[in-house]
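Worksheet for the structure shown next.
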Amino acid sequence: MAVATMVSSAGGLLAMLNENHPLLKLHALSNLNKCVDFYWPEISTSVPIIESLYEDEEFDQHQRQLAALLVSKVFYYLGELNDSLSYALGAGSLFDVSEDSDYVHTLLAKAIDEYASLKSKAAESNEAVEVDPRLEAIVERMLDKCINDGKYQHAMGISIECRRLDKLEEAITRSDNVQGSLSYCINVSHSFVYRREYRHEVLRLLVNVYQKLPSPDYLSICQCLMFLDDPEAVVQILEKLLRSNQDDTLLAFQIAFDLVENEHQAFLLNVRDRFSVSKPQAVEAARPSDAQDPGADVTMTDGAPTSDASPSQVDPFEATYAERVKKIRGILSGETSIQLTLQFLYSHNKSDLLILKTIKQSVEMRNSVCHSATIYANAIMHAGTTVDTFLRENLDWLSRATNWAKFSATAGLGVIHRGHLQQGRSLMAPYLPQGGGGGGGSPFSEGGALYALGLIHANHGEGIKQFLRESLRSTSIEVIQHGACLGLGLAALGTADEDIYDDIKSVLYTDSAVAGEAAGISMGLLMVGTASEKAGEMLAYAHETQHEKIIRGLALGIALMVYGREEEADTLIEQMTRDQDPILRYGGMYALALAYRGTANNKAIRQLLHFAVSDVSDDVRRTAVLALGFVLYSEPEQTPRIVSLLSESYNPHVRYGAALAVGISCAGTGLSEAISLLEPLTSDVVDFVRQGALVAMAMVMVQTSEASDSRVGAFRRQLEKIILDKHEDTMSKMGAILASGILDAGGRNVTIRLLSKTKHDKVTAVVGLAVFSQFWYWYPLIYFVSLAFSPTAFVGLNHNLKVPRFEFLSHAKPSLFEYPKPTTVPTTTSSVKLPTAILSTSNRAKGRAKKEAESKASTEKAAAAESTSGTLSIGKGKSVTDRDTDSMQVDILQEKKSEPEPSFEILTNPARVVPTQEKFIKFLEESRYVPVKLAPSGFVLLKDLRPTEPEVLSLTDSPSSNASTTGGFTATGQQAPAPAMAVDEEPQPPQPFEYTS
C-alpha cells in the first residue's frame with residue numbers, strides 16, 4: 001500500500017480503473033485524488049473512463065462522488081473552469097469548502113459568481129430562473145462557514161452579491177459588533193450595489209435591523225430613510241427624540257443638520273411640513289407621566305403652541321416641545337445652517353484684495369473677456385462672505401461693463417451674498433425691474449439681478465419664488481426672461497412645482513433663442529432627479545426648434561431630470577445618444593453622467609469611453625470624457641488612471657475633457673496623481689486646453705496649502721505669470737483669472753465637495769458643477785460653481801443652536817493647514833530692470849547694517865533663553881483665526897526661525913478645518929463640551945457637561961446688509977467693520993531708521 005502513495009507515475013492506478021472489482025476502483029480513485037496535483041497531465045488522458053464511473057448508477061454514491069471530484073480537479077488544471085465546477089457540484093459533500101487550496105478558492109469564487117449572476121438575471125427580468133440546488137447548497141455552505149468562523153464581513157459581502165438578504169440579516173445579527181456591521185453594509189451597498197432598486201431593498205432591510213437594536217443608531221437610520229424617500233418615518237423618529245430628554249433633542253438636531261447637508265430640498269421640506277400640525281391625542285400618548293396638567297388642549301401650528309386653555313394652564317412640557325419643533329423646522333428649512341455659514345464666512349474672511357488689484361491692473365480695458373473674468377473671479381473669491389469692497393472701490397472700472405458683461409457683473413452680487421435669505425431682495429432692489437416689465441434700468445442689469453436672486457436663494461427659494469414668477473410673467477424682454485428663468489430654476493431647485501414649470505414652458509414656446517436656452521436649463525433644475533415624463537415633451541421640442549441655443553439648454557435640462565435614476569434612465573439615454581443631432585448626443589453624455597453620478601458604474605464608464613473615442617463630433621467627445629468626472633467622484637483616485645491616455649490624445653477637445661474630468665472628480669482633494677496629470681496640460685499648445693487645465697488645477701488644489709504640496713506655490717506663481725504676460729492669449733488668461741478666484745474661493749474658507757460626510761451625493765453641488773461646465777458656451781453659467789462650495793468649518797452648537805466658545809486640538813503642525821500668506825508687495829514689478837545705482841553713502845549703510853545684525857543676535861539669544869524658561873512658542877496657543885498682524889511678524893521673525901515649529905495647534909470654536917486636517921482633530925479631555933457624534937467638521941451639536949456655568953458665545957455678529965447705492969453701481973454699505981483683509985493685510989510701513997547726513 002505504501003508503494004501506491006510513493007508512485008512515480010499514475011499509470012498503475014489508472015489501470016486499476018478498468019478492473020471489475022469495485023474495491024479496486026475505489027482504491028484507485030481515492031489515491032488518484034491524493035496525487036492529482038502532480039500527475040494531472042497523465043490522468044487527463046483517462047478522463048472519459050473516470051467520467052463513465054461517475055455516470056454509472058450501479059456504483060455506490062461515495063464512489064461516484066469521488067470520481068466527480070477527481071474529474072473536477074483535472075478540468076481545473078486544464079483551465080476548463082465551467083466543467084470543473086459542474087463536476088465539483090456532483091462531488092457533493094466531498095467538495096470541502098473549508099479546504100485551503102487554490103483549487104477550492106477558485107471554484108468557490110466561480111460558484112459565487114455563477115450563483116450571483118443567475119439571481120441578478122432573475123431579479124432584472126422578473127422571470128423565474130432555474131438555479132441548480134447543488135450550486136445553492138455550495139453557496140450556503142460557504143456562507144455558513146464564514147458566519148461560524150467569525151468572518152462576518154466576508155459573509156455580508158457574499159450575501160449582498162448573491163441577493164441572499166436572509167443570510168445578510170443573519171450575518172449582521174450574529175456579528176460581534178452589530179453597529180459596525182450595519183455601517184459596513186451601508187458603505188458596501190453604496191459602493192458596490194449597482195442597481196438602484198436592489199440597493200433600496202438592502203437599505204430597507206438595514207433599517208429594519210437597526211430598529212430592532214436596543215439602542216438604535218438614529219443618525220444612520222435617517223440617512224437610509226432619506227434614500228428610501230420615506231419622510232414619514234424620519235418625522236416619527238425626530239418627534240420621538242424631541243419629546244424625550246435634552247440629550248435626545250440634541251441628537252434630533254444633529255440628524256436634521258446631517259440631512260440638510262445632502263441638500264435634498266424637496267425631501268427636507270416634506271419632513272419639515274409634517275411638523276407643522278401635531279395631533280393632540282399623539283401628544284397625550286407620548287407625554288411623560290410627570291408632565292403637568294394633562295387636560296389642556298394644546299395643538300401646534302408652525303411650531304408655536306396655540307391653546308384653548310388660559311396661559312396659566314399651558315403645559316410646560318408642551319411649551320418646551322413647541323420650542324424644539326420651531327428650532328428643528330428652522331434647521332430642516334436650511335435657514336439655520338445658512339445663517340451660521342454666512343456668519344462664519346464673514347468673520348473668517350481672508351481673501352486677498354491685492355491679487356484682484358494685480359489682475360485688474362494687468363487686464364487691458366479693451367479686452368472684455370478678461371474684464372468679465374475679473375468680475376467672476378471677485379465674486380467666486382468672496383462667495384458667501386457678503387464682502388464687496390472690491391466692487392465699491394472700483395465703480396468706475398466696473399461701469400465699463402456693457403450688455404451681457406453688465407448682466408454678469410450684477411449677477412455676481414448674488415454669489416457674494418449667497419444665503420442672505422432675509423435681505424436678498426432689498427440688496428438687489430436698485431437693479432430689479434421696477435414693475436410693468438422693467439422700464440427705467442438696463443434690461444441687462446435687471447436680468448442679472450433676477451439671476452442673482454436665484455443664486456442668493458439657491459435651493460432655498462420659498463420666500464422669493466413668487467416674486468421671480470411675477471417678474472417672469474410681466475416681461476417680454478428676452479434678457480430679463482433669461483435671468484428670471486435661471487433665477488427661478490435655482491430657487492425652486494428639485495421641487496418639481498407644476499405651476500412654475502408651466503410658466504417656464506410658456507417662455508420656451510416663444511422660441512426666443514436667448515430666453516429659450518435659460519428656460520431649458522431651468523426646467524431641468526426645477527425637475528432635477530424626478531425622471532418626469534416631461535422629458536419626452538422637451539425632447540420633442542428640441543427636435544422642432546431651429547435654435548441651437550434652445551436645443552443645448554433643453555439637452556442639459558433633460559439630463560438634469562434623470563439625475564441619480566441610474567438604470568431607470570437607460571431608455572432615455574439610449575434615445576439621446578443615438579440621435580442624429582450632435583447637441584442631443586452631447587445632452588446624452590450629461591444624462592449618463594448625472595444618472596450614474598458617483599456610482600463608478602462600469603457600464604456607464606464603458607459607454608462614455610466608447611463615445612470619447614468614436615463619436616464624429618468633437619463636442620460630444622469632449623463632453624463624454626468630462627462626464628467621467630461625474631461618474632467617478634466617489635472614487636477620485638481612479639479618475640487620473642482612467643483618463644491618463646485620453647489626456648495625451650491628439651484631439652485637443654479630448655484633452656480638455658480629460659482635464660475637467662479630473663478637476664470635477666478630484667475637486668478639493670489635492671490628490672497628487674491628479675496634479676501630476678494636469679501639470680503638463682497647463683502648458684499645452686492649444687489655448688483652450690490650457691484654460692481647462694488651469695481651472696481644473698484650481699478645483700483640485702482648493703484649500704491645499706503650500707506646506708502640504710509645494711506644487712501649490714508653483715501653481716500660484718504660474719497663474720500670476722500668465723495674468724501679467726502681455727503676449728498670453730485671452731483664453732488662457734481667462735482660465736488663469738478664474739483659477740485665481742477658485743483657488744481662494746469664499747474668502748479662503750470653502751472647498752468643493754460633491755459628497756456629504758455621510759458619503760451621499762450633495763445634489764446642489766453636483767448640479768452646480770454640471771451647469772458650470774457649460775461655461776464653454778455661455779460665460780454667465782460660471783456662477784453655478786458657487787453651488788458646489790462647502791465651508792471648511794467646524795461649528796459646534798449648544799442646545800439653543802448658539803455657538804459657544806471652547807478650544808479643541810489640531811494634532812499637526814500649524815503650517816500644514818494655514819491660510820496662504822497674504823501678498824504684501826504689488827506683484828506688478830516693472831519688466832525692465834534698471835541698473836543698480838551705487839551711492840557714496842552705501843559703505844556707511846553697510847557698517848550700520850553690521851552693527852544692527854550684532855545687536856539683533858544678542859536680542860535673539862535673550863529671546864531664546866526666555867523661550868526655554870517656560871514661555872510657549874508663538875503660534876502654539878493661537879487659534880487658526882487669530883492671525884498675528886504683520887508688524888508683530890516682522891519683530892519676531894528671528895525668534896520664530898530659532899524655535900522649532902510646534903507639533904499641534906489649539907483651535908477655537910468655530911474654526912476653519914480643511915478636509916485633510918480632519919483626521920488630526922481631537923477633543924480635549926477636560927473640555928466642558930462633548931460632541932453628540934464624533935465629527936471633525938461641519939455642524940456638530942455639543943453636550944454641555946457644566947450647564948450651570950455661564951457660556952461665552954462666538955459668531956454673534958451678523959454681516960450687516962444695509963443696501964446703499966454708490967454711483968452707477970450699488971454695493972452693500974457694510975455697517976459692520978470692513979473685513980480683516982482690508983485692514984490687517986496691507987503692506988507694512990518701512991522699519992524706523994536713523995538719518996545721518
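Predicted model only: the values in this text are computed from it and were never measured. Residue numbers count from 1 along this sequence.
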[X] (side chain) donor-acceptor with [Y] (main chain) under 3.5 angstrom:
| X | Y | result |
| --- | --- | --- |
| Asn909 | Pro804 | yes |
| His348 | Gln343 | no |
| Ser244 | Leu241 | no |
| Thr908 | Glu807 | no |
| Arg329 | Arg272 | yes |

Which atoms form the tightest heavy-atom contact between [X] and [Y], and what is the distance?
| X | Y | value |
| --- | --- | --- |
| Pro216 | Tyr210 | CB-O, 3.5 Å |
| Pro902 | Pro814 | O-CD, 3.3 Å |
| Pro791 | Val750 | CA-CG1, 4.0 Å |
| Leu259 | Cys222 | CD2-O, 3.7 Å |
| Leu268 | Val260 | CD1-CA, 3.8 Å |
| Val795 | Pro910 | CG2-CB, 4.1 Å |

With a 6.0 Å cut-off on ring centres, are [X] and [Y] close enough?
| X | Y | result |
| --- | --- | --- |
| Tyr152 | Tyr184 | no |
| Phe794 | Phe344 | no |
| Phe939 | Phe253 | no |

Do [X] and [Y] have side chains that get closer than 4.5 Å, going by heavy atoms?
| X | Y | answer |
| --- | --- | --- |
| Phe923 | Pro931 | yes |
| Leu797 | Leu942 | no |
| Pro915 | Thr751 | yes |
| Leu421 | Ile338 | yes |
| Val940 | Gln254 | yes |

- request: List the steps and the verdict of salt bridge (charged side-chain N to carboxylate O under 4.0 Å, His left out) for Lys933 and Asp258.
  value: CA-CA 11 Å; Lys933 71 161 195 176; Asp258 286 3; 2.9 Å; yes

Can you tell me if [X] and [Y] form a side-chain donor-acceptor pair at under 3.5 Å?
| X | Y | value |
| --- | --- | --- |
| Asn798 | Glu951 | yes |
| Glu462 | Ser333 | no |
| Thr792 | Asn749 | no |
| Thr249 | Arg324 | yes |
| His417 | Thr386 | no |
| Gln223 | Asn262 | yes |
| Asn459 | Thr764 | yes |
| Arg912 | Gln917 | no |

Salt bridge check: are [X] and [Y] linked by an N-O gap of less than 4.0 Å?
| X | Y | result |
| --- | --- | --- |
| Glu318 | Arg243 | yes |
| Arg748 | Glu818 | no |
| Asp248 | Lys240 | no |

Selection residues 172-191 - residue pairs positive for salt bridge (charged side-chain N to carboxylate O under 4.0 Å, His left out), sequence neighbours left out: Glu170-Arg174

Roughly how far apart are [X] [atom1] and [Y] [atom2], rounded to 0.5 Å?
| X | Y | atom1 | atom2 | result |
| --- | --- | --- | --- | --- |
| Ser337 | Ile331 | OG | CD1 | 8.5 Å |
| Leu203 | Cys185 | CG | SG | 10.0 Å |
| Phe227 | Arg199 | CZ | CZ | 6.5 Å |
| Ser220 | Leu182 | OG | CG | 8.0 Å |
| Ser903 | Leu816 | OG | CG | 11.0 Å |

task: Take Glu918 and Arg753 through the test salt bridge (charged side-chain N to carboxylate O under 4.0 Å, His left out) and record every step on the way to the result.
output: CA-CA 14 Å; Glu918 290 177 1; Arg753 259 209 176 105; 2.8 Å; yes

message: Let's go through Thr704 and Val914 carefully: what are the C-alpha distance in whole Å and the side-chain angles of both, what is the deciding distance for side chain to side chain contact (heavy atoms under 4.5 Å, CB included) to 0.1 Å, and is it a yes or a no?
response: CA-CA 8 Å; Thr704 306; Val914 299; over 6 Å; no

Surrounding [atom1] of [X] (heavy atoms of other residues, nucleotides or ligands, distance under 6.0 Å), is the total greater than 12?
| X | atom1 | value |
| --- | --- | --- |
| Lys922 | NZ | yes |
| Lys943 | NZ | no |
| Lys151 | NZ | no |

field: Pi-cation contact, Phe806 with Arg928 (under 6.0 Å, within 45°)
entry: no

task: Check the pair Lys821, Asp352 against salt bridge (charged side-chain N to carboxylate O under 4.0 Å, His left out), reporting the backbone distance first and the verdict last.
output: CA-CA 9 Å; Lys821 299 269 187 299; Asp352 193 338; over 6 Å; no

